[in-house]
Amino acid sequence: MFDLIVKNATLPDGRTGVDIACAGGKIAAVEPGVTAEAAEVIDAGGLLVSPPFVDPHFHMDATLSLGNPRLNVSGTLLEGIALWGELKPLQSIDEIVERALRYCDLAVAQGIGAIRSHVDVCDDELKGVQALLEVRRQVKGYLDLQLVAFPQDGVLRDPAALENLTRALDMGVDVVGGIPHFERTMRAGAESVRLLCEIAEKRGLMVDMHCDETDDPLSRHIETLAFETQRLGLQGRVTGSHLTSMHSMDNYYVSKLIPLMVEAQVHAIPNPLINIMLQGRHDTYPKRRGQTRVRELRDAGITVGFGADCVMDPWYSLGRADMLDVAHMALHAGQLSSRQDMGWCFDAVTANSAAIIGLDGYGLDKGCAANMVLLQARDPIEAIRLRPARLAVVRAGKVIARSDRQVSELALAGRPSRVDPANYAPMGSDGR
Ligand code: FE2
């Protein structure tokens, strides 16, 4: 007797007709033709069942605050940081908790199972930290929330930031963050990277820095991050987020830099929606797009995951907790248009991001956590193309969110009466 069987699923690796049986919160069988009884049976009808989406880079302390106390007029990163500085003293812990919980509701409905959120530690009350530690506790049963101590105003530039970051880690924040390109000088940026990596090494923690989120091709803190990772033996535990300056760097320099990153086993998290929106604001035409060198990083063997970063906050007005929106933008901005590349974009919002944040028991193999999402699409490429309904979201073998199948009624003489987007393959081929 199983708790749940999802029958006739297509898996992201292309297997079809698979039944997934769940018991005791784990996946007990993944094979065709499971016949045992179950408390609940879902017929996937040949549609895609994926492990949950994973957002490896988000700001949950700022989400859903759009318009408070005003809007970002210039659309730049720097006005966003200034605006956030205006909001911070005005908001209460309860308000941050309420906004974050609402966002988590949306995220779960969209099939997100884990989020790494940065939390600003640059306020002496640590309101964001207190709030998100409480949120982490409250959502534990349905969402894995990992927190990064993020010194938004610069760990050296803000005189209280280092002490506040240390306090945040003492309170239970999981990962060490940083923002070297926002420190006062290149030298201070490099010093901040050294300092923060040493803190992570002493505490046995992972590192995830906002790194070189700028169009300045000479912003090269990722080089220092890779160096410190190796010097301190942090290989595999360090991530560079954004890395947008790499878009504008000299090709010769990049030919040296990427192998250094590979040696250090540094991971990369581009944030396509935000990078495309915020970067290139000082350009006329042609306007640079800020997305880092995704293809080159991936081809060199670096683990790349895509993050959502912001939803309705001082930096970004849009967003709906949909990691398929994120993959869709990454695919276009990175011209990742081959079948293989598009399939890989799905990995970048699922398995790759799970690996970067160190999620245990992730996947659809026997013994993994029984967490998954049923999509109204036949395969990962179609999922990115359609960004379809999440028909069922499963956590620990229980359905925690459901959506109706998206179907339109059509009233055209001589034409079909119903349109289901997942039934529209190219004519004359299956499109794969
Ligand atoms: Fe960010």
Side-chain angles (χ1 to χ4, degrees), residues 54-66 72 75-85 87-88 96 99-100 103 107 112 115-122 128-129 132 145-155 161 165 168 173-183 189 192-193 196 206-215 219 221-222 225 238-247 267-279 290-292 304-319 321 323 325-326 329-330 348-349 353 356-357:
V54 176
D55 183 354
H57 186 116
F58 194 65
H59 293 265
M60 204 174 279
D61 50 355
T63 193
L64 304 183
S65 67
L66 180 68
N72 183 338
T76 59
L77 172 72
L78 294 181
E79 185 175 347
I81 293 174
L83 212 169
W84 173 237
L87 172 58
K88 275 199 288 185
I96 302 169
R99 290 199 315 252
Y103 183 79
I112 293 178
I115 298 174
R116 170 183 277 182
S117 175
H118 296 253
V119 51
D120 189 354
V121 296
C122 290
V129 172
L132 292 196
L145 179 58
Q146 187 182 73
L147 300 176
V148 185
F150 175 47
Q152 172 76 76
D153 299 331
V155 74
L165 180 135
V173 171
D174 308 281
V175 179
V176 178
I179 185 165
H181 56 278
F182 195 69
E183 302 292 353
S192 78
V193 172
L196 292 162
M206 291 187 283
V207 174
D208 186 340
M209 287 193 197
H210 286 63
C211 197
D212 304 322
E213 188 182 3
T214 160
D215 292 317
S219 187
H221 297 297
I222 181 58
L225 185 61
V238 174
T239 297
S241 279
H242 294 292
L243 305 174
T244 55
S245 74
M246 287 186 73
H247 185 99
H267 312 307
I269 301 180
N271 295 285
L273 296 164
I274 274 56
N275 297 155
I276 290 295
M277 188 63 99
L278 296 184
Q279 301 303 310
Q291 184 161 285
T292 193
V304 180
F306 300 142
D309 201 2
C310 299
V311 169
M312 291 182 272
D313 70 7
W315 296 274
Y316 190 61
S317 303
L318 306 175
M323 296 311 293
D325 282 348
V326 174
M329 179 59 79
V349 291
S353 290
I356 289 172
I357 73 169

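For ligands, and for the atoms within them, numbers begin at 1 and follow the listed sequence. These numbers come from the heavy atoms of this one structure, side chains and all, not from hydrogens, waters or symmetry mates.
Between Lys88 and Asp153 a salt bridge is recorded (basic side-chain N to carboxylate O distance below 4.0 Å).
Taking the N/O/S atoms of His57 in turn, the shortest distance to the Fe ion (ligand 1) belongs to NE2.
A side chain to side chain contact (heavy atoms under 4.5 Å, CB included) with Ser117 is found for one member of Asp55, Leu147, Thr63 and no other, namely Leu147. For the side chain to side chain contact (heavy atoms under 4.5 Å, CB included) with Thr292, the lone residue among Pro270, Pro272, Ser241, Cys211 that qualifies is Pro270.
For residue His59, an N/O/S atom approaches the Fe ion (ligand 1) to within less than 2.8 Å. Residue contact annotation: Cys310 places no N/O/S atom under 2.8 Å from the Fe ion (ligand 1).
In this structure, the ring of His210 has its center less than 6.0 angstrom from the ring center of His57.
Annotation: angle subtended at the Fe ion (ligand 1) by Asp309 OD1 and His210 NE2 is 180°, to 10°.
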